[in-house]
Amino acid sequence: MKTKLIVFTRYPQAGRTKTRLIPALGAEGAADLQRQMTKQIVRTALLLTEDVPLEIEINFAGGSIGEMENWLGQDLCYRPQGSGDLGEKMDRAFSESFHDGYHQVIIIGADCPNISVPILTEAFNKLAEQDLVLGPATDGGYYLIGLSALYPRLFTKLPWGTSKVLPKTLAIAEKLALSLFLLEELSDVDRPEDLKYFGGDPHPE
C-alpha cells in the first residue's frame with residue numbers, strides 16, 4: 001500500500017514568512033524560525049521512514065524547486081502549492097497524490113513543532129482503519145489531516161485561519177458519514193504568544 005506524507009511549508013524569505021511573528025522577532029527572526037521549524041519537521045518525517053515505508057513530499061509556497069533543494073536537500077520530492085486558498089491547495093495535493101496511486105495520504109504543516117514520530121505513526125495506523133484522521137490544534141484548526149480517499153467537500157468554503165475550521169470540518173465529516181479518528185491536541189506557532197511552544201530542534205545536526 002503506497003503511503004505519502006506531505007509537508008506544507010513556505011520558503012523562508014524575510015518579510016514574507018511568519019508575518020504575524022515579525023513584531024516579536026523581526027523579519028529575519030521570523031524567517032529563521034520558519035527555517036528551523038521546517039527543518040525540524042522534515043527530520044521527524046525522515047525518522048518516521050525508518051519504521052514506516054512512505055514517500056515524503058514538500059509542498060511549498062515561495063521560492064523555487066532549486067532554492068528548496070539547496071535548503072532542504074535533493075533527496076526529497078518537491079511540489080509547488082499553486083494558487084488558491086489553503087483548502088484549494090490541500091485538495092489539489094490530495095487529488096494529485098491519489099491520482100498517482102497513493103492509498104494513504106497525510107498532510108501536516110511546519111507550524112506545529114511538537115509533531116512527533118509516535119504521533120505520525122499513530123496517524124498512519126489509524127488511517128488504515130478510518131476514512132479521516134485529524135490532529136486538532138489548540139487554536140481551533142488542525143495540524144494534521146489524513147485521508148484514504150478524496151473528499152473535496154472537506155476543503156470547500158471553510159474559514160481558514162479561524163477557530164471555526166475544526167468544528168466545521170467535523171460537521172462536514174459527519175454529514176459525509178466518514179469514520180474519524182482524532183489525535184492528541186497540539187499547538188501551532190503562529191503568534192508571539194505561541195513562541196513558548198517552540199523549544200528548539202529535538203534532532204540537532
Side-chain angles (χ1 to χ4, degrees), residues 1-10 37-38 40-42 44-45 48 52 54-61 77 79-82 84-190 197:
M1 182 174 291
K2 294 179 64 177
T3 58
K4 181 190 282 190
L5 177 64
I6 302 175
V7 179
F8 264 51
T9 191
R10 175 176 287 276
M37 290 199 299
T38 299
Q40 174 174 323
I41 202 67
V42 168
T44 299
L48 179 67
V52 180
L54 56 82
E55 179 180 334
I56 300 171
E57 177 182 296
I58 309 299
N59 205 289
F60 68 94
C77 175
R79 183 172 293 186
Q81 290 178 11
D85 64 19
L86 179 59
E88 291 171 300
K89 292 176 180 180
M90 288 197 291
D91 182 58
R92 183 182 304 121
F94 276 118
S95 178
E96 290 172 345
S97 296
F98 290 128
H99 181 267
D100 290 341
Y102 289 89
H103 302 92
Q104 295 180 330
V105 183
I106 287 176
I107 292 178
I108 56 176
D111 302 331
C112 186
N114 292 316
I115 294 178
S116 64
V117 169
I119 288 173
L120 292 174
T121 300
E122 182 180 27
F124 275 107
N125 287 340
K126 294 300 182 181
L127 194 54
E129 308 166 352
Q130 309 288 337
D131 299 318
L132 170 65
V133 174
L134 289 171
T138 54
D139 62 6
Y142 52 79
Y143 63 85
L144 178 153
I145 179 168
L147 293 172
S148 53
L150 185 62
Y151 302 99
R153 180 66 188 87
L154 292 170
F155 308 106
T156 305
K157 297 181 180 179
L158 265 70
W160 303 106
T162 75
S163 61
K164 297 179 180 179
V165 170
L166 181 63
K168 285 187 175 293
T169 301
L170 294 175
I172 294 167
E174 184 176 3
K175 288 181 180 179
L176 295 175
L178 301 182
S179 58
L180 166 70
F181 182 81
L182 292 177
L183 299 162
E184 66 179 274
E185 187 177 69
L186 297 177
S187 296
D188 287 333
V189 177
D190 291 316
Y197 300 119

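Just so you know, residue 1 is the first one in the sequence shown, and it goes up from there.
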- Task: Tell me, yes or no, whether the heavy-atom count around E129 atom CD, taken from other residues, nucleotides or ligands under 6.0 Å, exceeds 12.
- Result: yes

- Roughly how far apart are I58 CD1 and T38 OG1, rounded to 0.5 Å? 8.0 Å

- Message: Looking at every heavy atom in both S148 and L127, which two are closest together, and how far apart are they?
- Response: N-CD1, 3.9 Å

- Between S97 and the options Q104, R92, K4, the side-chain hydrogen bond (donor to acceptor under 3.5 Å, both in side chains) test singles out K4

- Item | Results of salt bridge (charged side-chain N to carboxylate O under 4.0 Å, His left out) for D100 - residues two or more places apart only | R79

- Quick one: CG on L54 to CD1 on I6, what's the gap to the nearest 0.5 Å? 11.0 Å

- Closest non-hydrogen atom pair between A110 and M37, with its separation: O-CB, 3.3 Å

- Query: How many angstroms lie between NZ in K126 and CD1 in I106, if you round to the nearest 0.5 Å?
  - Reply: 12.5 Å

- Message: Treating T169 as the side-chain partner and V165 as the backbone partner, does any N or O pair qualify as donor plus acceptor under 3.5 Å?
- Response: yes

- Query: Is the count of non-hydrogen atoms from other residues, nucleotides or ligands lying under 6.0 Å from K2 atom NZ greater than 12?
  - Reply: yes

- Between P136 and Y143 the two heavy atoms that sit nearest each other are O-CE2, 3.1 Å

- Between the main-chain N or O of F8 and the side-chain N or O of N59, is there a donor-acceptor pair closer than 3.5 Å? no

- Query: Does a side-chain heavy-atom distance below 4.5 Å link L176 with L132?
  - Reply: no

- Message: If we ignore hydrogens and angles and just use 3.5 Å, is the side chain of S179 paired with the main-chain N or O of D131 as donor and acceptor?
- Response: yes

- Message: Using side-chain heavy atoms (C-beta onward) and a distance below 4.5 Å, is I56 in contact with V42?
- Response: no

- Close side-chain approach of L5 and F124, heavy atoms under 4.5 Å: yes

- Task: Provide the closest heavy-atom pair for I115 versus G109 in the form atom of the first, atom of the second, distance.
- Result: CD1-O, 4.2 Å

- Quick one: are V52 and L120 in side-chain contact, heavy atoms under 4.5 Å? no

- Taken in chain and number order and not counting sequence neighbours, the residues that satisfy ring-ring contact (aromatic ring centres under 6.0 Å, His included) with F155 are F94

- Which pair of non-hydrogen atoms, one from V7 and one from I41, has the smallest distance, and what is that distance? CG1-CG2, 3.7 Å

- Between the CG atom in L166 and the OG1 atom in T138, the distance rounded to the nearest 0.5 Å is 11.0 Å

- Message: Do W160 and K89 make a side-chain contact, defined as non-hydrogen atoms from C-beta onward lying under 4.5 Å apart?
- Response: no

- Task: Please report the C-alpha distance between F98 and L147 in whole Å, then the side-chain angles of each, then the deciding distance to 0.1 Å, and finally whether the side chain to side chain contact (heavy atoms under 4.5 Å, CB included) criterion is met.
- Result: CA-CA 10 Å; F98 290 128; L147 293 172; 4.0 Å; yes

- Step by step, work out the side chain to side chain contact (heavy atoms under 4.5 Å, CB included) result for L180 and L170. CA-CA 9 Å; L180 166 70; L170 294 175; 3.4 Å; yes

- Considering non-hydrogen atoms only, spot the tightest contact between P113 and Q40 and give its length. O-NE2, 2.6 Å

- Roughly how far, to the nearest 0.5 Å, is the CG atom of L154 from the NZ atom of K168? 13.5 Å

- Item | Distance (rounded to the nearest 0.5 Å) between L186 CG and L144 CG | 9.5 Å

- Item | Full working for side chain to side chain contact (heavy atoms under 4.5 Å, CB included) between L48 and V117 | CA-CA 6 Å; L48 179 67; V117 169; 4.1 Å; yes

- Item | 4.5 Å side-chain heavy-atom contact, L134 and I145 | yes

